[in-house]
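Only one structure is covered here, and it is reproduced in the block below.
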Amino acid sequence: MTENERAEAGEPERPRDFIREIVEGDIRAGKNGGRVHTRFPPEPNGYLHIGHAKAISIDFGIAEEYGGLCNLRFDDTNPVKEETEYVEGMKHDIRWLGYDWGDRLFFASDYYEQLYTWAVELIRKGKAYVCDLSPDEVREYRGTLTEPGRESPYRNRSVEENLALFGRMRNGAFPDGSRTLRAKIDMAASNVNMRDPIMYRILHATHHRTGDAWCIYPTYDWAHGQSDSMEGITHSLCDLAYEIHRPLYDWFLEALGAHHPQQIEFARLNLTHTVLSKRKLIRIVRDGIVKGWDDPRMPTLCGLRRRGYTPEAIRTFCERIGVAKRDSVVDAGLLEHCLREDLNRRAPRVMAVLRPLRVVIENYPEGIVEQVEALNNPEDPAQGTRLLPFSRVLYIEQEDFREDPPKKFYRLAPGREVRLKHAYFIRCVDVVKDHAGEIRELRCTYDPQTMGGSSPDGREIKGTLHWVSADHALHAEVRLYSHLFSEPDPAKLEGEDLTQFLNPTSLQVLSDCRVEASLADAGPLQSYQFLRQGYFCTDPESRPNALVFNRSVALRDSWAKLEKAGG
RNA sequence: UGGGGCGUCGUCAAGCGGUAAGACACGGGACUUUGAAUCCCGCAUUCGUAGGUUCGAAUCCUACCGCCCCAGCCA
């Protein structure tokens, strides 16, 4: 929705950041005829992650807010790294986030011919030349950060010779790496990117879209700005890493006299307890530290989706972190908070016992099953109620019983009374142990007067436990996930072996859980709140007779905090 | 070291010369048939440091300090 619609709907205005300020200023000044047109330009060489979600939310979000358009353009200029599979995955993830590029799906490879024509034009203008230096020589000639480079001996070839050579490059007359087309700028420039940057390299490789039509491929620098220009982009928003490339971006467009979008850079996202660099994520997958790109511990969009994250939570997160130019590391807790906030409103409540402890209600008749009514979501009464079977033998959570309860523990203990959510008050009268001294079972009594969870005498019960009827509950596997890294900022530990900072308990599999029967036909990726525990979703691997749930995020747990502080 | 950026609460982040928003986290309390949610309250006399300009500075100037990025025929 636009800012106006937002204001009319009484929604808070989106915080204005420096990019929106520039865009608004341009609109006011009538630049580009008041038009706003952005683009999201991923290279199809991997999977999108939460950092890309930030960029997507900026690119698509700004266009949407100012009544403009955002293109999806794949920056596919390197045939050896890119694959169609990634293109499809990225399109899927962007749509999943809720963004739409309409009919504006483009590829840098769509522009190869125009790029070639423009390169010829620069040669004609004496602004580009074919260079025969080898890769090593190019590096040598480039100089260093503190010393100027030297001009290539091929720098002053005639236009005719350059034209002929460039034509032969295209026609496959030369082997890989033997020649390049370079912009003729300034080998003494303090910005190394301006020291005659390479525009084309020879690569006899099959491209995922153009096949073998080309054996020379444009570099990022030569392709990106010109692609933006051809699409009529007004604001080319990108990572801070490209700030140093902006003079070159501007130089090419200036030399061509073509439509000149404004490049604006913002800081990329960093998140605590994870890494977002493609290189490191690949290692994590390849080394088998996780089970794949969509492992629920991965910060990839497919991983987050499988973890139970909703597009709404991710979009809210992207709005809250803001947009600025300083390097920062956002607390992963904020992402989790956004998920809880969204799921709290939407996820139906169900009861599931992760670590079962058998409870026998001694004074409850055998063979009787009562149906108790339970609210599906107290935050949303429209979600209705359901019936839960209650019987003589139940399961409760092991951690909800303490033989020797610490102070402020108001769950079950010998002689103590607690409420079973939606059902009765029960009192523990005996603890049954095995030969090893392990607690096997609790013997309890119930108060028939307390059906529904309250007593006629109004006696106060502080503890309320979730439970499940032993005969009616379903077996399930539950996967508990937490941070991949125990180190808050693993990205900082450059050069170190990241595996030593892994969280050894980032995945805990509980295979003997019991969940209420209503979960029997839970569809894939359905989110639930397991009462008192957290938000969980059905894993895609889940089957009716082999249920599997992923913990998306735990509920806040002030008792755990209290106990930790006290003990 | 040359160049380009950036430094405001534990973490993000507003602020644009008129006397430090908000969010997360954290602490305290209320409420509670989820120790959840919700609701209150608290949480930077100070803006990397030091000078200067000004009636007045986080905002302007100067110097210094710190962090990030650039020497791929990757993007």
Side-chain angles (χ1 to χ4, degrees), chain A residues 12 15-17 21 41-43 45 75-78 80-82 131 133-135 138-139 142-149 176-182 189-195 197-203 216-217 219-221 223-224 238-247 265 267 269 272 278 319-338 340-341 344-345 349 351 374-375 378-379 408-411 419-423 425 450 452-454 461-466 488 529-534 554-563:
Chain A
R16 202 149 278 118
D17 52 71
E21 270 178 21
E43 181 188 16
N45 71 341
D75 233 327
D76 55 349
T77 55
N78 187 350
V80 305
K81 286 188 172 179
E82 298 147 6
C131 179
L133 254 23
S134 70
V138 167
R139 193 182 318 117
R142 187 155 33 225
T144 68
L145 293 180
T146 51
E147 308 153 26
D176 287 3
S178 60
R179 278 171 227 260
T180 55
L181 182 74
R182 297 228 252 163
S190 48
N191 180 344
V192 185
N193 291 290
M194 299 298 273
R195 320 240 262 229
I198 286 163
M199 296 166 63
Y200 276 96
R201 71 280 211 188
I202 300 172
L203 236 37
I216 56 172
Y217 289 93
T219 57
Y220 164 85
D221 284 312
H224 196 88
C238 63
D239 194 306
L240 245 27
Y242 299 100
E243 199 156 30
I244 195 111
H245 292 251
R246 182 163 17 104
E265 312 84 9
L269 171 69
T272 59
K278 199 165 285 177
E319 277 181 34
R320 293 202 186 157
I321 56 176
V323 183
K325 294 194 74 157
R326 70 182 82 104
D327 293 319
S328 61
V329 184
V330 176
D331 192 332
L334 179 58
L335 217 208
E336 296 183 336
H337 172 264
C338 292
R340 287 193 194 98
E341 186 178 66
N344 177 47
R345 289 176 318 196
R349 273 59 171 170
M351 293 206 278
L375 207 49
E379 301 291 324
K408 297 219 175 147
F409 180 88
Y410 43 82
R411 275 115 98 143
R419 170 169 40 235
L420 294 180
K421 180 79 177 175
H422 304 305
F425 291 179
T450 56
S454 58
I461 296 291
K462 285 210 92 172
T464 301
L465 310 186
H466 59 278
Q529 185 194 100
F530 284 6
L531 222 60
R532 302 208 302 134
Q533 304 191 101
L555 245 29
R556 296 187 61 188
D557 188 350
S558 57
W559 162 245
K561 204 177 285 179
L562 216 188
E563 191 177 31

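In what follows, chains carry the letters A, B, and so on, assigned in the order in which the sequence lines appear, proteins first and then strands, with residues in each chain numbered from 1. FYI, side chains are in, hydrogens and waters are out, and symmetry mates aren't considered; it's all heavy atoms of this structure.
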Listed nucleotide nearest any side-chain atom of [X], set [options]:
X: A:D17; options: B:rA14, B:rA75, B:rU34; value: B:rA14
X: A:L145; options: B:rA71, B:rU34, B:rA75; value: B:rA71
X: A:K561; options: B:rU34, B:rC73, B:rG27; value: B:rG27
X: A:T77; options: B:rA75, B:rU34, B:rC26; value: B:rA75
X: A:A324; options: B:rU34, B:rA14, B:rC74; value: B:rA14
X: A:D327; options: B:rC68, B:rA36, B:rA75; value: B:rC68
X: A:L334; options: B:rG5, B:rC24, B:rA75; value: B:rC24
X: A:S328; options: B:rC70, B:rA75, B:rC12; value: B:rC12

In terms of the nearest nucleotide of RNA chain B, which residue is placed more toward the 5' end: A:E82 or A:A423?
A:A423
Does [X] make a side-chain N or O approach to OP1 or OP2 of [N] shorter than 4.0 Å?
X: A:H466; N: B:rU34; answer: no
X: A:R326; N: B:rA13; answer: yes
X: A:K325; N: B:rC69; answer: no
X: A:R556; N: B:rU38; answer: no
X: A:R139; N: B:rC73; answer: no
X: A:R142; N: B:rC73; answer: yes

For B:rG72, glycosidic torsion class - syn if within 90° of 0, otherwise anti:
syn
Please state whether the base of B:rU34 and the side chain of A:Q529 form at least one donor-acceptor pair under 3.5 Å?
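Result: at least one qualifying N/O pair found.
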Less than 4.0 Å between a side-chain N and a carboxylate O, is that true for A:E43 and A:K81?
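Salt bridge flag = no for A:E43 with A:K81.
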Between A:E341 and A:R320, does any side-chain N to carboxylate O distance fall below 4.0 Å?
yes
Rounded to whole angstrom, note down the [atom1] distance from [N] over to [M].
N: B:rC55; M: B:rC60; atom1: C1'; answer: 16 Å
N: B:rU1; M: B:rC65; atom1: P; answer: 9 Å
N: B:rA75; M: B:rU38; atom1: P; answer: 47 Å
N: B:rG66; M: B:rA23; atom1: C1'; answer: 27 Å
N: B:rG42; M: B:rG48; atom1: C1'; answer: 27 Å
N: B:rA21; M: B:rA58; atom1: C1'; answer: 14 Å
N: B:rA63; M: B:rC69; atom1: C1'; answer: 24 Å

Which part of the nucleic acid, if any, lies within reach of [X] when heavy atoms closer than 4.0 Å are counted: base, sugar-phosphate only, or nothing?
X: A:L133; result: base
X: A:R411; result: base
X: A:V80; result: nothing
X: A:P148; result: nothing
X: A:Y217; result: nothing
X: A:Q533; result: nothing
X: A:F425; result: nothing
X: A:H224; result: nothing
X: A:Y200; result: nothing

Is a donor on one side and an acceptor on the other found under 3.5 Å between the side chain of A:R182 and the backbone of A:I198?
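Absent.
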I'd like to know if the side chain of A:T450 and the backbone of A:G453 have a donor-acceptor N/O pair within less than 3.5 Å.
no
Which residue in the set A:Q529, A:H466, A:K421 passes side-chain contact (heavy atoms from CB on, under 4.5 Å) when paired with A:R349?
A:Q529
